[in-house]
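Have a look at this one.
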Amino acid sequence: MCLANSRKLGERCIAGIESGEGKWIRPISSRDGEAVSESERRYASGAEPRVLDLISMRLIEHRPDGFQCENWLVDPTVRWKNIGRIGWDDLYSLEQHPASLWHNGHSSSGGINDQVPATQQNAVLDSLKLIRVDAVEIRVDPAYSQAGNQKFDVRAHFRYAGSWYVLKVTDPIYEEKCRERGLGRYKLTESFLTISLGKEFNGHLYKLVAAIIERTEVESSGRL
């Protein structure tokens, strides 16, 4: 059950929950960075996998990497198949209820509770969560590349289990949708969020919003 198709190193990070045992699966490639390429993930029709798709794929072996225990090496020679879709009501049985999103109390310059110090990663046991929030605000702010070119910084602001979070959004659908609308703040209604914890970068692990599944979008159009 696909619960994320997020941006990663110019390719994609796919993640979901296996429909039989209910375990998180993150299919990875054997290349540096482990992202999944377009040729590896697209269906025979050429379509891109969508969040809420039921996908059949062949996995070669379990490749846990520290707290990213969900990683499985995908067979690049076997094309993925779309065998159905799940709906909003199906997500309730998949919802998780952690007391917090890993460890709180550490924030980047543009985030809130978006970091876990790398020194604490031995206490981290997983890297994927599916949570439900009553509302989310997406803020699109200006950012600049090292070359001085203007980009957009897209972050999700939400409250969960009594704590505020401001996390970068790597869901390409919502990134593009909000960028097209330009700089500003955009309020979303009740949503499921797939939260991913990335590998160490400059001494920290970063929490990312890998997918936004908004109830009104799912019920009106089947999600994207």
Can you find a pair of side-chain heavy atoms, one from L52 and one from V218, that are under 4.5 Å apart? yes
Linking I/L/V/M/F/W/Y whenever their side-chain heavy atoms sit closer than 4.5 Å, directly or via other members, would V116 and V166 fall into one cluster? no
Determine, using the 4.5 Å side-chain heavy-atom cutoff (strictly less than), whether I60 and I25 are members of one ILVMFWY cluster. no
Indicate whether any N or O donor in one side chain lies under 3.5 Å from an N or O acceptor in the other, for W88 and Y92. yes
Using the salt bridge (charged side-chain N to carboxylate O under 4.0 Å, His left out) rule, take R155 and D141 through it: C-alpha gap first, then chi angles, then the decisive distance, then the call. CA-CA 8 Å; R155 295 180 189 256; D141 294 313; over 6 Å; no
Linking I/L/V/M/F/W/Y whenever any side-chain heavy atoms sit under 4.5 Å apart, do Y165 and I212 land together? yes
Thinking salt bridges, do K23 and E70 make one under a 4.0 Å N-O criterion? no
Applying side chain to side chain contact (heavy atoms under 4.5 Å, CB included), run through W80 and I14 and close with a yes or a no. CA-CA 12 Å; W80 295 10; I14 311 293; 3.9 Å; yes
Mind listing the side-chain donor-acceptor pairs of residues 178-185 below 3.5 Å, one per line with the distance, residues two or more places apart or on another chain?
none

Sidechain N-carboxylate O distance under 4.0 Å for R12, E48: yes
Do K177 and E217 have side-chain heavy atoms sitting under 4.5 Å apart? yes
First locate atom CG of N5, then atom CD1 of I55, and finally report the distance between them rounded to the nearest 0.5 Å. 8.0 Å
Looking only at side-chain N and O atoms, does S127 offer a donor or acceptor that is under 3.5 Å from a partner on R26? yes
Compute whether any side-chain donor of one residue and acceptor of the other, for W102 and Q121, lie under 3.5 angstrom apart. no
Test side chain to side chain contact (heavy atoms under 4.5 Å, CB included) on S163 and N104 and set out the steps. CA-CA 9 Å; S163 297; N104 288 339; 3.5 Å; yes
Check whether L130 and L54 end up in the same hydrophobic cluster, where Ile, Leu, Val, Met, Phe, Trp and Tyr are linked by side-chain heavy atoms less than 4.5 Å apart. yes
Between V133 and R159, which heavy-atom pair has the shortest distance, and what is it? CG1-O, 3.8 Å
Please name the pair of heavy atoms, one in D171 and one in A211, separated by the smallest distance, quoted to 0.1 Å. OD2-CA, 3.4 Å
F201: side chain to side chain contact (heavy atoms under 4.5 Å, CB included) partners, not counting sequence neighbours: Y206
Between NZ on residue K8 and CD on residue E11, distance to nearest 0.5 Å: 9.5 Å
Between E61 and R63 (salt bridge meaning N to carboxylate O under 4.0 Å), is one present in this structure? yes
From Q115 atom CD to H204 atom NE2, the distance as rounded to the nearest 0.5 Å: 4.0 Å
Nearest non-hydrogen partners of G87 and D90, listed with the distance: N-OD2, 2.7 Å
Are E95 and R132 ion-paired here, with the side-chain N under 4.0 Å from a carboxylate O? yes
Give a yes or no answer on whether the side chain of N113 reaches the backbone of W164 with a donor-acceptor pair at less than 3.5 Å. yes
With no hydrogens and no angle check, is any side-chain donor or acceptor of Q96 less than 3.5 Å from a backbone partner on P98? no
Is the ring pair W72/H62 parallel, tilted or perpendicular, if the boundaries are 30 and 60 degrees? parallel
Would a 4.5 Å heavy-atom cut-off, applied to side chains only, mark M57 and P27 as touching? yes
Give a yes or no answer on whether the side chain of R42 reaches the backbone of E38 with a donor-acceptor pair at less than 3.5 Å. no
Contact between V74 and I28 at the side-chain level, heavy atoms closer than 4.5 Å - yes or no? no
Taken to the nearest 0.5 Å, the spacing of N82 CG from Y43 OH works out to 4.0 Å
To the nearest 0.5 Å, atom CD1 of I131 lies from atom CG of L101 at 4.5 Å
Test side chain to side chain contact (heavy atoms under 4.5 Å, CB included) applied to I213 and L3, step by step: CA-CA 9 Å; I213 309 171; L3 296 173; 4.3 Å; yes
Side chains of V209 and T194: does their closest heavy-atom pair fall under 4.5 Å? no
Got a salt bridge between K199 and D65, using NZ or NE/NH1/NH2 to carboxylate O under 4.0 Å? yes
Kindly work out whether a path of hydrophobic side-chain contacts (I/L/V/M/F/W/Y, heavy atoms less than 4.5 Å apart) joins L193 to V154. yes
Value for OG (S37) from CZ (R31), rounded to nearest 0.5 Å, stands at 4.5 Å
Provide the closest heavy-atom pair for P64 versus C69 in the form atom of the first, atom of the second, distance. CB-CA, 4.0 Å
Do S29 and E40 come within less than 4.5 Å of each other through their side chains, counting heavy atoms only? yes
Carefully, step by step, assess I195 and L128 under the rule side chain to side chain contact (heavy atoms under 4.5 Å, CB included). CA-CA 6 Å; I195 312 296; L128 290 163; over 6 Å; no
Closest approach of A99 to A161 (non-hydrogen atoms, all atoms of both residues): O-CB, 3.4 Å
Test log, rule side-chain hydrogen bond (donor to acceptor under 3.5 Å, both in side chains), inputs S108 and D114: CA-CA 7 Å; S108 67; D114 63 332; 2.5 Å; yes
Student check: side-chain heavy atoms of L197 and D126 closer than 4.5 Å: no
Please determine whether a side-chain nitrogen of the Lys or Arg among K168 and D153 lies less than 4.0 Å from a carboxylate oxygen of the Asp or Glu. yes
Tell me, do L125 and F67 make a side-chain contact under 4.5 Å, heavy atoms counted? no
Classify the side-chain pair E214/T189 by whether it contains a donor and acceptor separated by less than 3.5 Å. yes
